*Asks:* 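Handing you this structure, nothing more for now.
As the structure is a computational prediction, the values presented were derived from the model and not from experiment.
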Amino acid sequence: MPARQNITTQGHVGNHYVILREGGALVTALDDNGRERPKNRLRPGYGYGATSLLEGRPRDATVRAVQGPQANGDILDGADIV
């Protein structure tokens, strides 16, 4: 997934669990005033989406690919996901 592209989007119903293999991802969510706020940064090995997958609930955050580490020590400009 190229950097700056959404992997999942807040409000959309999820139907899969996502695991970040390499690279990075930024988690953001809209606050009560509709402003996007950072919540977390994901690194390789992190996963998310169990509640959306198992209960069919809409995603409560947007996850966007960003630069992050690869297994070989280089930096990936985006995210490799499963």
*Asks:* Side-chain heavy atoms under 4.5 angstrom apart, residues restricted to Ile, Leu, Val, Met, Phe, Trp, Tyr: same cluster for Tyr48 and Leu20?
*Replies:* yes
*Asks:* For a side-chain contact (heavy atoms from CB on, under 4.5 Å) check, start with the C-alpha distance between Thr8 and His16, then their side-chain angles and the critical distance, and finish with the verdict.
*Replies:* CA-CA 10 Å; Thr8 56; His16 56 278; 4.1 Å; yes
*Asks:* What residues form a side chain to side chain donor-acceptor pair (under 3.5 Å) with Thr51, not counting sequence neighbours?
*Replies:* none
*Asks:* Is Met1 reachable from Tyr46 through a run of I, L, V, M, F, W or Y residues, each pair having side-chain heavy atoms under 4.5 Å apart?
*Replies:* yes
*Asks:* Can you name the nearest heavy-atom pair linking Pro58 to Gly11, along with the distance?
*Replies:* CB-O, 3.4 Å
*Asks:* Tell me, with the steps shown, if Val63 and Leu42 meet side-chain contact (heavy atoms from CB on, under 4.5 Å).
*Replies:* CA-CA 9 Å; Val63 180; Leu42 304 181; 4.2 Å; yes
*Asks:* Counting heavy atoms not belonging to Asn6, are there more than 12 under 6.0 Å from its CG?
*Replies:* yes
*Asks:* Not counting sequence neighbours, list each pair that qualifies as a side-chain hydrogen bond (donor to acceptor under 3.5 Å, both in side chains) and has a residue in residues 23-32.
*Replies:* Thr28-Glu36, Asp31-Arg35, Asp31-Arg37
*Asks:* Looking at every non-hydrogen atom in both residues, tell me the closest pair between Ala25 and Val66 and how far apart they are.
*Replies:* N-CG2, 3.6 Å
*Asks:* Quick one: does Arg59's side chain get under 4.5 Å of Thr9's, heavy atoms only?
*Replies:* no
*Asks:* Strictly by modelled atom types, are Ser52 and Tyr17 linked by a side-chain donor-acceptor pair under 3.5 Å?
*Replies:* no
*Asks:* Examine distances only and state if a side-chain atom of Glu22 and a backbone atom of Ala71 form a donor-acceptor pair shorter than 3.5 Å.
*Replies:* yes
*Asks:* Taking salt bridge (Lys or Arg N to Asp or Glu O under 4.0 Å) as the test, write out the residues that go with Arg43, two or more places apart.
*Replies:* none
*Asks:* Any chance you could measure Leu54, atom CG, to Asn15, atom CG, to the nearest 0.5 Å?
*Replies:* 12.0 Å
*Asks:* So, using side chain to side chain donor-acceptor pair (under 3.5 Å) as the criterion, who are the partners of Arg57 when residues are at least two apart?
*Replies:* Glu55
*Asks:* Does anything in residues 5-17 form a salt bridge (Lys or Arg N to Asp or Glu O under 4.0 Å)? List the pairs, not counting sequence neighbours.
*Replies:* none
*Asks:* Could you list the donor-acceptor pairs under 3.5 angstrom formed by side chains in residues 73-82, with sequence neighbours left out?
*Replies:*
residue, atom, partner, partner atom, Å
Asp74, OD2, Asn72, ND2, 3.4
Asp80, OD2, Arg21, NE, 3.0
Asp80, OD2, Arg21, NH2, 3.3

